[in-house]
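Here's the structure we're looking at; comments come further down.
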Amino acid sequence: MQKKLPLSFYRRDVHTVARELLGKIFIKKEKNGILSGKIVEVEAYDGRIDRAAHSYNGKTKRNEVMFLGGGLLYVYFTYGMHYCANVVTGGEGDGCAVLIRALEPLEGIDRMAMNRFGKTAIGEREKLSLTNGPAKFCKAFDIDKNYNGLLLTEDIIFIVEGDNLIPGEIVASKRIGIKKSADLEWRYFIKNNRYVSRL
DNA sequence: CCACGGATTGGCT
DNA sequence: GCCAATCCGTGGA
């Protein structure tokens, strides 16, 4: 097993971290085994200048984890039924985070299938939609508010080295599903990867 | 106190 | 492509 990314990886510029997270392996250790996947799509949020960021209007109970500094997991609940997970970046007080939008499933696919569809026998179409969206990935990995504020250098949820991408493999585009600061091209994804949520 | 709407998804037309 | 589902944080009265 590869070494966990250190705190210093996360405590940098949010766009640098967002781009470098692509190709890396997101891992959750459970009693029954490991769930893992390659990160293929992310979005950057910067509360200092970005009106779409939850942290834009300052610290609240919901977003406080975003202000605690790089290396924490920020999990929020939305639309009355979905969780989404972010990696906090930068320094304390910055209010920056990278939303994990999609993974390519690697280990524990049967358990992801159970979490998403309630069965292990899935076809190609279902496999492709296991983790190709921020709430789908949280459902597959059974990530909810209990994981909010978790330190990514602990032995529960963490990220390790994976594929080394060349700049030409990374595409930047507008972020999905937001109305404010909608023109910023702060979504990054791996070109031609089948598990990206949308083109 | 109350109303609004959201970093989404899946089902139906 | 359109829209309902379903909570709760947030902001205004």
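Chain letters run A, B, ... following the sequence lines, proteins first, then strands; residues in each count from 1. The analysis underlying the following values was restricted to heavy atoms, covering all of them including side chains, and did not include hydrogens, waters or symmetry mates.
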Looking at B/dA7, C/dG11, C/dC7, which one has an atom nearest to any side-chain atom of A/F77?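 Taking heavy atoms from C-beta onward, the closest nucleotide is C/dC7.
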Side chains of A/Y195 and A/I190 in contact at under 4.5 Å (non-hydrogen atoms):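 A side-chain contact is absent here, since even the closest heavy-atom pair is not under 4.5 Å.
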Is there a Watson-Crick or G-U wobble partner for C/dT6 with both distances under 3.5 Å, and which nucleotide is it?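 Because no pair has both required distances under 3.5 Å, C/dT6 counts as unpaired.
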Need the pair for B/dA7. Rule: Watson-Crick or G-U wobble, both distances under 3.5 Å, any strand; none if unpaired.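 In the structure as shown, B/dA7 has no Watson-Crick or wobble partner.
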Using a 4.0 Å heavy-atom cut-off across all strands, classify A/R116 as base, sugar-phosphate, or nothing.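 Sugar-phosphate, no base atom in range.
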Using the P atoms only, state how far B/dG5 lies from C/dC3, rounded to an integer number of Å.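 Approximately 16 Å lies between the P atom of C/dC3 and that of B/dG5.
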B/dC4 and C/dA4, which share atom name P, separated by this distance in whole Å: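 My reading of the P atoms in C/dA4 and B/dC4 gives 16 Å.
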Check each residue of residues 171-192 of chain A for a non-hydrogen atom within less than 4.0 Å of any atom in DNA chain B, then write out the ones that pass by number, or none.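 Output list: A/I176, A/G177, A/I178, A/K179.
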On the six-membered ring of A/F158, is A/K4 placed so that its NZ or CZ lies under 6.0 angstrom from the centre and within 45° of the ring axis?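 The answer is yes, since A/K4 meets both limits relative to A/F158.
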Would you mind telling me which residue lines up with the more 5' stretch of DNA chain C, A/K61 or A/M81, judged by nearest nucleotide?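 Counting from the 5' end, the first nearest nucleotide belongs to A/M81.
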Nearest heavy atom decides the nucleotide; on that basis, is A/S197 or A/T78 closer to the 5' end of DNA chain B?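 It is A/T78, whose closest nucleotide lies nearer the 5' terminus.
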For the aromatic rings, using the six-membered ring if either is Trp, is the centroid distance between A/Y147 and A/Y83 under 6.0 Å?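 Here the rings of A/Y83 and A/Y147 have centres that are no less than 6.0 Å from each other.
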May I ask whether A/Y45 stacks on the base of B/dA7, given the cut-offs of 5.5 Å between ring centres and 30° between planes?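 Here the ring of A/Y45 and the base of B/dA7 are stacked, with centres under 5.5 Å and planes under 30°.
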